[in-house]
S.K.: 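I am attaching a structure below and will ask some questions about it afterwards.
Every chain is numbered from 1 and lettered A, B, ... according to where its sequence line falls, protein lines coming before strand lines. Note that this is a predicted model, so its numbers are computed, not measured.
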Number of protein chains: 2
Amino acid sequence: MSNKISDERKKEIIGGFYELSKQNGLENTSIAKIGKHLGMPPSLIMHYFPTREILISNLISFILEQMLMIYQPMLEELEIQNYADPHTFVDRLFSRDWNLLLDDGVFYSCFSLIFRNKRIKDEYRVLHEKLRENLKAILDRDETLHGKDTELLAEQIFVVVEGAYYYLSMFDDPEVYEEKVTIFKNQVYDLLRKYEVQHL
Amino acid sequence: MSNKISDERKKEIIGGFYELSKQNGLENTSIAKIGKHLGMPPSLIMHYFPTREILISNLISFILEQMLMIYQPMLEELEIQNYADPHTFVDRLFSRDWNLLLDDGVFYSCFSLIFRNKRIKDEYRVLHEKLRENLKAILDRDETLHGKDTELLAEQIFVVVEGAYYYLSMFDDPEVYEEKVTIFKNQVYDLLRKYEVQHL
DNA sequence: GCATAAATTGAACGCTCATTCAATATTATA
DNA sequence: TATAATATTGAATGAGCGTTCAATTTATGC
């Protein structure tokens with residue numbers, strides 16, 4: 001029911017903003033450049049996003065929505081089988097799938113804004129809590145983990161995943177990269193195993 | 001022997017750059033603003049740092065040097081006693097000490113540049129490798145860990161530390177913050193214990 | 001103390017920035 | 001079809017940006 005043209009244009013603009021930020025960096029992407037890229041005057045962009053701050057705020061919402069998409073295939077599986085293998089999900093977290101959804105450079109540029117903007121910080125925190133809650137939901141359906149503190153386990157798994165993402169982004173050599181991925185993946189498997197074993 | 005005035009001025013400029021970036025963000029800190037802050041014309045800044053890129057490059061070197069200072073008190077202890085308790089060091093990593101040395105906002109702003117600048121990426125990677133090597137050196141002097149893969153252990157410890165730093169920066173409530181710090185600290189203790197136990 | 005080099009100044013450059021505004025074109029409503 | 005609302009245009013604004021340069025002050029070495 002809501003205004004269709006308006007919504008489409010907004011999506012288009014945020015998409016262009018994201019694309020250019022990916023190429024040239026967030027700090028080098030001006031409203032004029034977005035306009036040129038999309039073939040529209042800067043004034044049209046400012047019609048939909050009255051200030052640059054609002055524009056950035058919307059880019060961040062877009063980015064955080066993208067992040068949640070890592071669960072997309074998992075949720076379908078959950079619906080069909082009422083179960084999803086935690087190990088498979090961990091593999092997925094460490095695969096390149098996430099990079100396909102979201103550019104790391106843009107992500108960390110936006111992340112660095114949390115330190116001077118409380119609203120952005122809150123938005124990031126909520127996203128990270130959602131990521132953990134979703135993992136907890138997956139863990140809760142695994143019977144080997146029944147009765148365990150899956151909230152704690154999800155927290156511990158994700159802190160390794162996030163540390164790994166951060167650290168691995170410094171390595172270009174695919175061989176070294178894969179070697180390190182294996183280490184961190186095993187580190188998470190150990191956590192899962194530790195919880196499973198306590199059950200016996 | 002080297003030029004004293006020049007070196008002092010350079011330090012002063014980088015210091016001012018860092019201070020203003022802390023307050024207003026890296027992307028909002030211009031050469032003119034640094035000049036005004038330090039009471040010198042922008043042309044003097046450009047005399048010592050011919051381009052803004054070079055200025056940023058030097059800021060990053062400064063920041064990474066600051067990070068290594070987390071080891072300062074530890075190295076003295078190592079020299080005196082030829083031993084440093086790994087648990088004490090882990091506590092130190094999770095304390096606020098690191099935040100005193102370095103502002104998180106500036107740190108992550110600079111970090112986000114690794115994705116479009118290979119030289120910065122390399123510099124960050126080298127720093128992180130140093131952090132791990134230093135921890136390995138501490139672990140190697142602990143007899144309960146003798147003969148163990150301390151390189152792997154250091155890697156696994158730091159990935160938790162780095163994930164924790166990232167995630168914890170989203171929490172302002174001191175109570176929640178402390179609760180989560182405890183979780184991640186225990187996670188690292190578990191890693192240490194796991195390696196120690198295997199020894200018996 | 002004089003020559004040379006280094007440090008410092010201040011004015012100026014062209015460019016890009018986010019933002020504004022009034023005018024026009026398009027679409028929706030009645 | 002007339003009217004109102006929305007979408008789009010293009011030109012203009014002043015401020016701030018990184019950078020250049022020639023001139024001047026200060027320090028250094030002989």
Side-chain angles (χ1 to χ4, degrees), chain A residues 1-60 62 106 109-110 112-113 116-117 119-120, chain B residues 1-60 62 106 109-110 112-113 116-117 119-120:
Chain A
M1 210 58 249
S2 69
N3 199 322
K4 224 162 131 193
I5 297 177
S6 168
D7 286 355
E8 291 253 321
R9 266 276 186 268
K10 283 182 182 178
K11 274 188 200 166
E12 187 190 1
I13 292 166
I14 296 300
F17 191 9
Y18 171 73
E19 281 304 319
L20 287 185
S21 298
K22 204 158 95 174
Q23 286 173 38
N24 315 316
L26 183 73
E27 70 278 14
N28 299 316
T29 304
S30 66
I31 291 166
K33 283 178 185 167
I34 301 168
K36 183 173 280 184
H37 178 68
L38 297 174
M40 63 176 73
S43 49
L44 187 56
I45 294 174
M46 303 223 60
H47 172 69
Y48 290 109
F49 304 99
T51 67
R52 182 178 160 81
E53 210 191 332
I54 292 171
L55 187 63
I56 288 180
S57 175
N58 278 74
L59 176 67
I60 287 170
F62 167 75
V106 181
S109 286
C110 291
S112 74
L113 300 177
R116 273 165 301 114
N117 186 319
R119 247 191 37 257
I120 295 177
Chain B
M1 206 61 248
S2 69
N3 200 322
K4 224 163 127 194
I5 297 177
S6 168
D7 286 356
E8 290 254 321
R9 265 278 185 268
K10 284 182 182 178
K11 274 187 200 167
E12 186 189 1
I13 292 166
I14 296 299
F17 191 11
Y18 172 72
E19 281 304 319
L20 287 185
S21 298
K22 204 158 95 175
Q23 286 173 38
N24 315 318
L26 183 73
E27 70 279 14
N28 299 316
T29 303
S30 67
I31 291 165
K33 283 178 185 168
I34 301 168
K36 183 174 279 183
H37 178 67
L38 296 174
M40 62 177 72
S43 49
L44 186 55
I45 294 173
M46 303 223 60
H47 172 68
Y48 290 108
F49 304 98
T51 67
R52 183 179 159 80
E53 210 191 330
I54 291 171
L55 187 62
I56 288 179
S57 175
N58 279 74
L59 177 67
I60 287 171
F62 166 76
V106 181
S109 286
C110 291
S112 74
L113 300 177
R116 271 167 302 114
N117 186 319
R119 247 192 38 257
I120 295 177

S.K.: So if I take every side-chain heavy atom of B/Pro41 and compare against D/dT9, C/dA18, C/dG10, which nucleotide ends up nearest?
M.R.: C/dG10
S.K.: May I have the step-by-step check of salt bridge (Lys or Arg N to Asp or Glu O under 4.0 Å) for B/Glu8 and B/Lys11, ending in yes or no?
M.R.: CA-CA 5 Å; B/Glu8 290 254 321; B/Lys11 274 187 200 167; 5.6 Å; no
S.K.: Can you measure B/Asn28 atom CG to D/dC17 atom P for me and round it to whole angstrom units?
M.R.: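 Nearest whole value for this atom pair: 9 Å.
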S.K.: Side chain of B/Arg52 only, please: which of C/dA18, D/dC17, D/dT19 is the nearest?
M.R.: D/dT19
S.K.: Nearest to the B/Lys33 side chain among D/dC17, D/dT9, D/dT19, which nucleotide is it?
M.R.: D/dC17
S.K.: Does a side-chain N-to-carboxylate-O contact under 4.0 Å join B/Glu19 and B/Lys22?
M.R.: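 Salt bridge: yes.
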S.K.: I need the NE2-P distance between B/His47 and D/dT25, as an integer number of Å.
M.R.: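 Rounding to the nearest Å, NE2 of B/His47 and P of D/dT25 are 17 Å apart.
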S.K.: Calculate, to the nearest 0.5 Å, the distance between atoms CD and CE belonging to B/Glu12 and B/Met40 respectively.
M.R.: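 That separation rounds to 4.0 Å.
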S.K.: May I have the distance from A/Glu27 (atom CD) to D/dC17 (atom C1'), rounded to whole angstrom?
M.R.: 15 Å
S.K.: Using whole Å, what does the distance between atom P of nucleotide D/dT26 and atom CZ of B/Arg9 come to?
M.R.: 13 Å
S.K.: How close or far is atom P of D/dT19 from atom CD1 of B/Ile31, stated in whole angstroms?
M.R.: 5 Å
S.K.: Main chain of A/Leu113, side chain of A/Asn117: is a donor-acceptor contact present, judged purely on distance under 3.5 Å?
M.R.: no
S.K.: Using whole Å, report how far CD1 of A/Ile45 lies from P of D/dT9.
M.R.: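 To the nearest whole Å, that distance equals 11 Å.
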S.K.: Starting at atom CG of A/Leu44, determine the distance to atom P of C/dT24, rounded to an integer number of angstrom.
M.R.: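 To the nearest whole Å, that distance equals 18 Å.
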S.K.: If only side-chain N and O atoms of A/Ser43 are considered, is one of them under 4.0 Å from the OP1 or OP2 phosphate oxygen of D/dT9?
M.R.: no
S.K.: Which one, D/dT19, C/dT19, D/dT8, comes nearest to the side chain of A/Tyr48?
M.R.: D/dT8
S.K.: If you look at every strand shown and take non-hydrogen atoms under 4.0 Å, does B/Lys36 touch a base, only sugar-phosphate, or nothing?
M.R.: nothing
S.K.: Roughly how far apart are B/Phe62 CZ and B/Ile56 CD1, rounded to 0.5 Å?
M.R.: 15.0 Å
S.K.: Could you state the CD1-C1' distance from A/Ile54 to C/dT19, rounded to the nearest angstrom?
M.R.: 12 Å
